[in-house]
Peer 1: 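One structure, as structure tokens, below. Some questions next.
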Amino acid sequence: MDISSSNCKQSKFFGRHLNSIACKCVILVVISLVIRAALLPTITFSGSGGIEQKSLVLLHNCSLSVNSGLGIRKDKFLEVPQIVWGLNNQKIAFARACLTARTLNRTLLMPSLSASLFYKEVDLLKPISLDKVFQFDKFNSLCTGFVKLGRYSDLLNRTGVFELHKGSGRKWTIERDLDQLRQHTEDPIDGYEVIRIVGKNPFLWHDHWPVKDYAKVFECLVLVDEITKEADKVVTKIREKVMELRSNTEPVQDGANSEGSTLQLVPYVAVHMRIEIDWMIHCKKLEQRLNISQICSSKEEIIERVGNIVGLNTPTVVYLAVADSLLEDSSILNGWKEGLLPLEKKKLGVDGIYKKYPYLIQSAIDYEVCLRADVFVGNSFSTFSSLIALERTQKMIKMGVTSSCGMHVRWPSYAYNILGELKGPRRWMTNMSDSSLQAISYGSNDISC
């Protein structure tokens, strides 16, 4: 990246915030060279050019990341288009917007999410503020020093808004996109208080960041208390059903009927059952385009493979997370293996909880219910399933588990669209070392196990 000396001249070295990230990086390199010169007589080199090489590495690293000592700037902002589509597409789009803001060393102005499915309810599409779904202050607290959210009330309006037009089409390569971001870290563009990205939904932007960076942003997204409490009600209902099942087949132990900690230990299975008509149309086309046959799963295949999971603790409840309004098959509760009681919202008696909210909130409740399940089974080509598998992988890693393949672990995840051991679903653990979110954003049959 070319950095002209004029960049530094535009910023006064003393008494004023430096506008150009590139200039700051040059200054860091200059400081390192000055220190080298001062210490030259006392330094013993193991090879020529050692310090100069480190200085170049420092400059390269600075060019697309924030100086961790300085943190995210609070007086420079990035604005992005409204975020649309399904809940987890929106979460990915939001994370990509955050990481773009981080690259530019700017605070991300809180974007609007979409309360309904973009392609199913165009007339009902309504923006919903992100802080109506996720906790604003909690996000900034958990992501301190990594990314930052701001409000429009934080703007001082001292400069105009610079509009950044995202390229599109085949000629707009990932390299060109990256170069565009680099250019916008320099003056005079960097001097604008707000850079506004116009164009397509952030989900469709080029991806420049590793899975672990996205995972960090996802960790900072905590549901607001109202949604969490609704999920609590659903999970409690499921666990009460499991206790009821087991009381009919097992001796009641002391304290087994008490509420609280005992109920928290009652295990259940959650299945993200993608058999809705819109999904089946999409997955059939995807199988044809990719020339693979491990995307679509029939109701019968899902039921059979879930029933063949090795070591499943039965009797138990299988909660079916399914978009009821798009479901054309009402027989999903039939044909399950003995010891597995399938329940969807209506049968569980919680459909009234969901009906109070728009699609986005309903999906957030279901996501939380699946995330908390002792066993989760989903489809590896679904972003909903993929993000749940990612979060559960993080849980296991924090417990010291680096692989769930061929072993008994807590919070196991499975992909029913891929055949695993003994005709069951394949064990699923996210590859946290991936260099991009491609596999999670668009699906994959390579799921670590």
Side-chain angles (χ1 to χ4, degrees), residues 88 91-92 95 134-135 138-139 141-146 209-223 228 231-232 234-236 238-239 242-243 260-272 306 309-314 316-319 321 364-380 382-416 418 420-422 424-435 437 439-440 444 446-449:
N88 292 286
K91 287 171 70 173
I92 290 171
F134 301 104
Q135 296 183 37
K138 189 73 170 179
F139 180 89
S141 174
L142 293 173
C143 267
T144 298
F146 188 69
W209 302 276
V211 169
K212 63 181 180 63
D213 283 359
Y214 283 95
K216 174 62 179 173
V217 177
F218 296 144
E219 277 189 316
C220 301
L221 286 171
V222 179
L223 291 171
T228 299
D232 290 342
V234 178
V235 172
T236 297
I238 294 171
R239 288 185 166 142
V242 177
M243 290 186 71
S261 59
T262 302
L263 195 59
Q264 294 297 317
L265 298 175
V266 176
Y268 68 95
V269 179
V271 178
H272 182 218
V306 171
I309 293 176
V310 177
L312 206 57
N313 189 4
T314 59
T316 193
V317 163
V318 178
Y319 174 72
I365 296 171
D366 253 1
Y367 184 92
E368 189 69 14
V369 173
C370 291
L371 185 63
R372 297 187 201 178
D374 297 81
V375 176
F376 171 71
V377 194
N379 188 301
S380 67
S382 160
T383 53
F384 184 99
S385 293
S386 294
L387 287 193
I388 290 173
L390 184 151
E391 286 205 48
R392 293 168 71 89
T393 296
Q394 285 181 288
K395 278 186 178 183
M396 288 192 287
I397 290 174
K398 287 178 179 179
M399 292 180 65
V401 178
T402 57
S403 174
S404 65
C405 307
M407 59 185 292
H408 177 73
V409 295
R410 192 176 180 188
W411 299 307
S413 299
Y414 298 84
Y416 56 67
I418 305 174
E421 61 178 326
L422 300 178
R426 180 80 63 86
R427 285 282 188 112
W428 186 359
M429 200 167 177
T430 303
N431 181 4
M432 300 302 291
S433 63
D434 261 355
S435 60
L437 208 69
I440 292 172
S444 173
D446 181 10
I447 57 174
S448 297
C449 291

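Sequence positions, counted from 1, serve as the residue numbers for this chain. Just so we're clear, the structure is a prediction, and the values are computed from it rather than from any experiment.
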Peer 1: Is the backbone of Ala373 close enough, under 3.5 Å, to the side chain of Arg392 for a donor and an acceptor to pair up by distance?
Peer 2: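 Side chain of Arg392 to backbone of Ala373: a pair is present.
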Peer 1: Check the side chains of Arg426 and Tyr414 for a donor-acceptor pair under 3.5 angstrom, ignoring hydrogens and angles.
Peer 2: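 Their side chains do not contain a donor-acceptor pair, so the 3.5 Å distance test is not met.
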Peer 1: Compare all side-chain heavy atoms of Val211 with those of Leu390 and state whether any distance is below 4.5 angstrom.
Peer 2: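 When only atoms from C-beta onward are counted, Leu390 and Val211 do touch, with a gap below 4.5 Å.
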Peer 1: Val217 and Phe139: which non-hydrogen atoms are nearest, and at how many Å?
Peer 2: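 Shortest heavy-atom separation between Val217 and Phe139 comes out as O-CE1, 3.9 Å.
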Peer 1: Is there a donor-acceptor contact under 3.5 Å from the side chain of Ser413 to the main chain of Ile388?
Peer 2: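 Not at all, since once roles are kept as given, no pair shorter than 3.5 Å links the two residues.
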Peer 1: Heavy atoms, side chains only, cut-off 4.5 Å: are Trp428 and Ile418 in contact?
Peer 2: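 The answer is no; the side chains never approach within 4.5 Å.
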Peer 1: Looking at Glu368 and Arg372, does any basic side-chain N land under 4.0 Å from a carboxylate oxygen?
Peer 2: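 A salt bridge links Glu368 with Arg372.
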Peer 1: Counting only N and O atoms by type, is there a donor-acceptor contact under 3.5 Å from the side chain of Ser380 to the main-chain atoms of Ala415?
Peer 2: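 No: the side chain of Ser380 does not pair with the backbone of Ala415.
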Peer 1: Over all heavy atoms of both residues, which pair between Ser385 and Gly378 is shortest? Give the atoms and the distance, please.
Peer 2: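 Taking every non-hydrogen atom into account, OG-CA, 3.4 Å.
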Peer 1: Can you classify the ring geometry of Trp209 versus Tyr214 as parallel (below 30°), tilted (30 to 60°) or perpendicular (above 60°)?
Peer 2: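 Rings of Trp209 and Tyr214: perpendicular, as their planes differ by over 60°.
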Peer 1: For Asp366, does its backbone N or O pair with a side-chain atom of Tyr319 as donor and acceptor, under 3.5 Å?
Peer 2: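 Judged by distance alone, no pair lies under 3.5 Å.
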Peer 1: Heavy atoms only: give me the nearest Cys370-Phe384 pair and the separation to one decimal.
Peer 2: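 Closest heavy-atom pair between Cys370 and Phe384: SG-CE2, 4.2 Å.
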Peer 1: Determine whether Tyr367 and Leu223 make a side-chain contact, defined as any pair of heavy atoms from C-beta on separated by less than 4.5 Å.
Peer 2: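 Tyr367 vs Leu223: side chains apart.
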Peer 1: What distance separates Met429 CE from Met396 CE, expressed to the nearest 0.5 Å?
Peer 2: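 If I round to the nearest 0.5 Å, the distance is 4.0 Å.
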Peer 1: With the side chain counted from C-beta on, respond yes when Lys91 and Phe134 share a heavy-atom pair under 4.5 Å apart, and no when they do not.
Peer 2: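 The answer is yes, as the side chains (C-beta and beyond) meet within the 4.5 Å cut-off.
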